[in-house]
2 protein chains.
Amino acid sequence: MDTATFLNALSTLLPELSIKTDQDSTQHWGKDWTVHFEVDCSAVLFPKSTEEVAQIVRLANEHQVALVPSGGRTGLSSAAVASRGEVVVSFDKMNQIGTFYEADHMVEVEAGVVTKTLQEYAESQGLYYGVDFASSGSSQIGGNIGTNAGGIKVIRYGMTRNQILGLTVVTGKGDILELNGGMLKNATGYDFRHLFIGAEGTLGFVTKALIKLEKQPTNLTAMVLGVPDFGSVVGLLNRFNKALNLTAFEFFDAIAIDKVISAGHAKAPFDSQTPFYVLLEFEAINDEVLDTAMSVFEHCAEEGLIVDGVMSQSVGQLQELWKLRESISETISVFTPYKNDVSVLITHLGDFINDIERIVKDNYPDFEICWFGHIGDGNLHLNILKPDTLSKDEFFAKCQTVNQYVFETVQKYKGSISAEHGVGMTKKPYLTYTRSAAEIEYMKAIKAVFDPNNIINPGKIFD
Amino acid sequence: MDTATFLNALSTLLPELSIKTDQDSTQHWGKDWTVHFEVDCSAVLFPKSTEEVAQIVRLANEHQVALVPSGGRTGLSSAAVASRGEVVVSFDKMNQIGTFYEADHMVEVEAGVVTKTLQEYAESQGLYYGVDFASSGSSQIGGNIGTNAGGIKVIRYGMTRNQILGLTVVTGKGDILELNGGMLKNATGYDFRHLFIGAEGTLGFVTKALIKLEKQPTNLTAMVLGVPDFGSVVGLLNRFNKALNLTAFEFFDAIAIDKVISAGHAKAPFDSQTPFYVLLEFEAINDEVLDTAMSVFEHCAEEGLIVDGVMSQSVGQLQELWKLRESISETISVFTPYKNDVSVLITHLGDFINDIERIVKDNYPDFEICWFGHIGDGNLHLNILKPDTLSKDEFFAKCQTVNQYVFETVQKYKGSISAEHGVGMTKKPYLTYTRSAAEIEYMKAIKAVFDPNNIINPGKIFD
């Protein structure tokens with residue numbers, strides 16, 4: 001591979017294409033939010049159209065130059081890190097919102113549109129984009145599609161996958177495919193759209209998407225509940241889920257909330273202090289729904305599942321309560337957390353969390369564990385915080401050992417070692433805990449179909 | 001390929017396996033509801049487990065014998081027809097309902113479970129299976145997955161794809177894959193589950209599925225509306241969809257309803273006769289919702305979108321109104337209809353239907369067209385009824401010509417030539433109207449990955 005020759009040929013082929021090769025740029029666009037890999041990026045390209053992306057890919061095939069996609073660079077699995085001298089393709093200049101199909105509640109967007117921009121666009125049309133998470137202000141739709149991003153509203157709207165009615169992609173061979181064209185019903189052969197969603201940019205580049213928009217929710221109302229133990233968290237999920245149409249059901253532990261409050265990112269919801277907290281949200285479409293919510297609350301309190309609780313009475317209070325949950329990631333980032341993002345069936349959640357707590361306490365009594373996550377979807381974020389006594393390297397080395405125990409436990413309950421962050425490079429060594437050897441062989445064969453020269457994001461998900 | 005040797009070897013390998021080779025059986029299990037292809041089926045196998053299916057597939061690879069899957073045989077695209085001496089694998093004896101995961105609202109079923117059986121099982125657990133269509137009493141879950149079956153509740157619950165949280169499949173190579181394990185969130189590489197859904201059994205056999213169940217709907221209420229023209233149908237969809245959470249929005253034309261009423265399958269909903277009819281359904285969770293529905297009705301009547309209408313006041317009346325829609329297929333079957341099942345964006349529906357009506361009237365003024373379909377999903381069933389003056393062969397030959405015009409119009413609006421019936425053999429010649437040449441090449445390459453010897457349902461979707 002001769003990157004310099006490739007870049008020269010590219011300048012001739014696409015004289016208008018912006019190419020950056022300075023150190024600042026390659027360091028900036030060459031990585032995501034992870035810190036595990038050194039950045040080694042040869043250049044950054046900023047195409048402005050699907051056709052330009054296709055020309056880049058075809059030329060990269062000729063020159064055998066590897067390409068790495070780059071969106072909002074908020075990924076947590078190093079799937080968008082260039083660590084082997086690859087050329088990065090940034091979608092920052094493909095950020096246009098296209099045709100709005102009013103009758104279909106659908107809009108076409110380029111891959112570089114930021115999640116929050118799409119959310120605001122939907123609002124401006126009297127509609128709603130059903131995917132939301134902490135990095136919505138930076139993450140781009142293309143990256144969301146690459147990892148099938150989840151977030152806090154999955155219990156109601158599903159993953160990113162559920163919002164995608166059509167995709168334009170450039171395969172690793174440089175073919176432009178228009179997939180599904182926005183239709184709800186289309187039974188004409190294999191649905192490649194779903195193969196590209198969650199593929200972490202290893203089969204080709206997503207350049208555009210047709211996105212389904214939802215009706216706006218009515219009078220969103222949140223409760224924060226103080227809970228005596230994890231079993232009660234699961235008990236509350238079952239009871240509230242039966243009685244209400246939930247739009248979110250999140251949990252966090254005392255360590256998470258204490259750090260958020262100490263950092264001044266949010267106020268304590270009530271005086272009582274409890275080991276676990278639940279934040280649930282629903283549409284209070286009328287007084288009947290509010291009465292139902294209060295009645296379930298009272299029953300659960302009588303049963304001992306709730307120690308204390310508060311319900312939002314206004315949009316302002318709703319936003320205040322959400323800060324308790326949404327500030328966690330940022331707050332704990334100063335403690336150099338080792339992050340795991342796992343999921344199991346809700347049926348197994350109680351046993352799973354007991355097993356993990358025992359493993360960490362038995363092996364590493366000096367580690368502080370901070371739990372939070374999307375309990376309504378069986379998705380737990382396990383964060384191990386670095387003790388002051390350990391260096392970063394010592395700490396990460398020890399975490400690798402914990403990792404193995406955690407993933408063995410995930411495997412015991414047939415869960416996922418990466419619920420919504422993807423595999424990228426950070427979870428690659430652990431893929432076999434969730435996917436069988438046969439599945440991984442089929443993945444490699446599928447990769448070879450769309451990207452026979454291994455040009456697009458090589459070394460991500462699997463080797 | 002030597003089928004006799006294969007069957008002998010199979011009897012030795014699996015002495016308990018039921019194998020039928022008599023003419024009645026091969027004719028019965030060798031076909032679906034279509035009549036376009038002669039049945040030529042060598043034998044029918046009735047495995048009882050995933051492991052048996054895998055052993056059959058591995059042996060078929062050794063002997064180069066082609067296998068065709070068979071479910072409830074209600075398909076409308078000849079995807080489950082053995083027309084070249086293939087051996088049929090029936091799932092009639094894999095019809096067990098397995099573990100129920102209460103906290104996850106999920107149940108595991110074998111591929112041979114009948115749709116209605118699953119619906120009734122869900123009810124018995126206080127839950128609901130969100131896929132329903134006319135053939136629910138015979139169709140099997142495996143076949144539904146193969147065609148990604150849609151039906152009458154897609155506007156609310158989505159296609160079969162949306163209900164599938166996990167799959168067990170046997171690939172064309174004979175590998176058993178357990179896909180996704182029921183998780184809502186699992187970002188660990190390519191989601192093969194979605195590749196097998198809608199693949200019409202060409203990549204391997206689906207043997208089990210983990211199915212998501214929904215909450216039971218509350219007080220389902222239907223309206224049947226008499227409508228002056230097709231534009232009003234689309235106008236009503238937009239208005240009612242904005243105001244209510246619809247569970248269905250169906251339409252049919254005067255020809256369809258006249259034939260249903262003449263045949264005694266249902267009663268006229270009201271005295272007025274109109275060119276088009278809408279059947280919409282929603283959950284009347286309280287009086288407020290009913291008031292909203294009435295208010296939209298009145299506004300639309302004032303606007304001239306509605307000529308007459310009726311609303312169900314009881315479960316009995318709800319069921320009576322649904323008969324108007326659900327009896328259409330059966331009623332018109334005596335007219336030897338030529339069926340098309342197309343979809344376009346709702347945005348394009350009005351223009352699309354105008355184009356098609358003009359084409360058929362210009363070219364074939366003696367043909368009666370009967371329209372009905374799932375307007376809420378952009379899915380239209382276009383049925384051309386055979387005039388008494390034409391023989392069946394003459395009629396089908398003429399329909400082939402109409403077909404081309406219809407599909408050119410579908411292509412003009414970037415729609416689907418098969419919305420929910422699949423491609424199988426009947427739509428195979430027309431696949432290029434919806435899928436590009438590049439896409440079809442990738443499909444063939446994917447097929448070769450999972451089924452390198454072309455053992456599983458060869459000649460379906462593409463050659």
Side-chain angles (χ1 to χ4, degrees), chain A residues 101-104 147-148 150 154 159 162 171 175 177-178 181-192 194-195 197-199 234 238 286 288 343-347 374 377-379 414-423 427 431 434-436 438-440 442-443 445-446 449-450 461-462, chain B residues 101-104 147-148 150 154 159 162 171 175 177-178 181-192 194-195 197-199 234 238 286 288 343-347 374 377-379 414-423 427 431 434-436 438-440 442-443 445-446 449-450 461-462:
Chain A
Y101 299 85
E102 188 181 2
D104 293 275
T147 51
N148 186 24
V154 171
M159 306 292 283
N162 297 53
T171 69
D175 293 315
L177 306 182
E178 306 265 359
M183 283 174 284
L184 292 175
K185 285 183 164 182
N186 177 20
T188 56
Y190 310 155
D191 197 335
F192 291 144
H194 288 292
L195 204 49
I197 298 169
V234 179
N238 291 337
N286 55 35
E288 213 175 309
S343 81
V344 295
L345 295 186
I346 294 167
T347 299
H374 319 289
D377 325 311
N379 179 194
K414 297 188 176 179
S416 175
I417 56 126
S418 184
E420 57 179 2
H421 293 172
V423 177
K427 296 291 160 52
L431 185 56
T434 294
R435 305 293 295 260
S436 69
E439 283 183 85
I440 295 169
Y442 282 112
M443 284 194 216
I446 297 290
V449 165
F450 288 97
I461 305 180
F462 45 75
Chain B
Y101 298 86
E102 187 180 3
D104 293 274
T147 51
N148 187 24
V154 171
M159 307 290 284
N162 297 52
T171 70
D175 292 315
L177 306 182
E178 305 265 0
M183 283 174 285
L184 293 174
K185 286 183 163 183
N186 177 20
T188 55
Y190 311 156
D191 196 336
F192 291 144
H194 287 292
L195 203 49
I197 298 169
V234 179
N238 291 337
N286 55 34
E288 214 175 307
S343 81
V344 295
L345 295 186
I346 293 166
T347 299
H374 319 289
D377 325 311
N379 179 196
K414 297 190 176 177
S416 175
I417 56 126
S418 183
E420 56 178 3
H421 293 171
V423 177
K427 297 291 160 52
L431 185 56
T434 294
R435 305 294 295 260
S436 69
E439 283 182 88
I440 296 169
Y442 282 111
M443 283 195 218
I446 298 291
V449 165
F450 287 97
I461 305 180
F462 44 75

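On a predicted model such as this, the values are computed, not experimentally measured, just so you know. Below, read A as the first sequence line, B as the second, and so on, with proteins coming before strands; counting in each chain starts at 1.
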query: Top residue by heavy-atom pair count (under 4.5 Å) with chain B, among A:R435, A:M159, A:E288, A:E439?
result: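 When all of A:R435, A:M159, A:E288, A:E439 are compared, A:R435 has the most.
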
- request: Report the option among A:T188, A:V423, A:T347 that has the most heavy-atom pairs separated by less than 4.5 Å from atoms of chain B.
  value: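 The option with the most such pairs is A:T188.
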
Looking at [options], which makes the most heavy-atom pairs under 4.5 Å with chain A?
options: B:K185, B:M443, B:H374, B:H421; result: B:K185
options: B:L345, B:L184, B:L431; result: B:L345
options: B:G415, B:S436, B:G150; result: B:G415
options: B:A438, B:G378, B:S418, B:G182; result: B:S418

Report which part of [X] has an atom under 4.5 Å of a heavy atom belonging to chain B: side chain, backbone, both, or neither.
X: A:L177; answer: side chain
X: A:F450; answer: both
X: A:E178; answer: backbone
X: A:M183; answer: both
X: A:K427; answer: neither
X: A:V449; answer: both
X: A:N186; answer: both
X: A:I461; answer: side chain

- prompt: In terms of heavy-atom proximity below 4.5 Å to chain A, should B:T147 be classed as side chain, backbone, both, or neither?
  reply: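 For B:T147, the backbone is the part near chain A, not the side chain.
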
Can you tell if the side chain of [X] reaches within under 4.5 Å of the side chain of [Y], non-hydrogen atoms only?
X: A:H194; Y: B:F192; answer: no
X: B:I197; Y: A:D191; answer: no
X: B:V344; Y: B:K414; answer: no

message: Testing the basics here: between A:N379 and A:A419, what is the closest heavy-atom pair and its distance to 0.1 Å?
response: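 Heavy atoms of A:N379 and A:A419 come nearest at ND2-CB, 3.3 Å.
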
query: For the residue pair B:A187 and A:S416, what are the closest heavy atoms and their distance?
result: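 Residues B:A187 and A:S416, closest heavy atoms: N-OG, 4.1 Å.
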
field: Worked verdict on B:N148 versus B:E420 for side-chain contact (heavy atoms from CB on, under 4.5 Å)
entry: CA-CA 7 Å; B:N148 187 24; B:E420 56 178 3; over 6 Å; no

- request: Dump the intermediate steps for side-chain contact (heavy atoms from CB on, under 4.5 Å) on B:D175 and A:Y442, then the final yes or no.
  value: CA-CA 10 Å; B:D175 292 315; A:Y442 282 112; 2.6 Å; yes

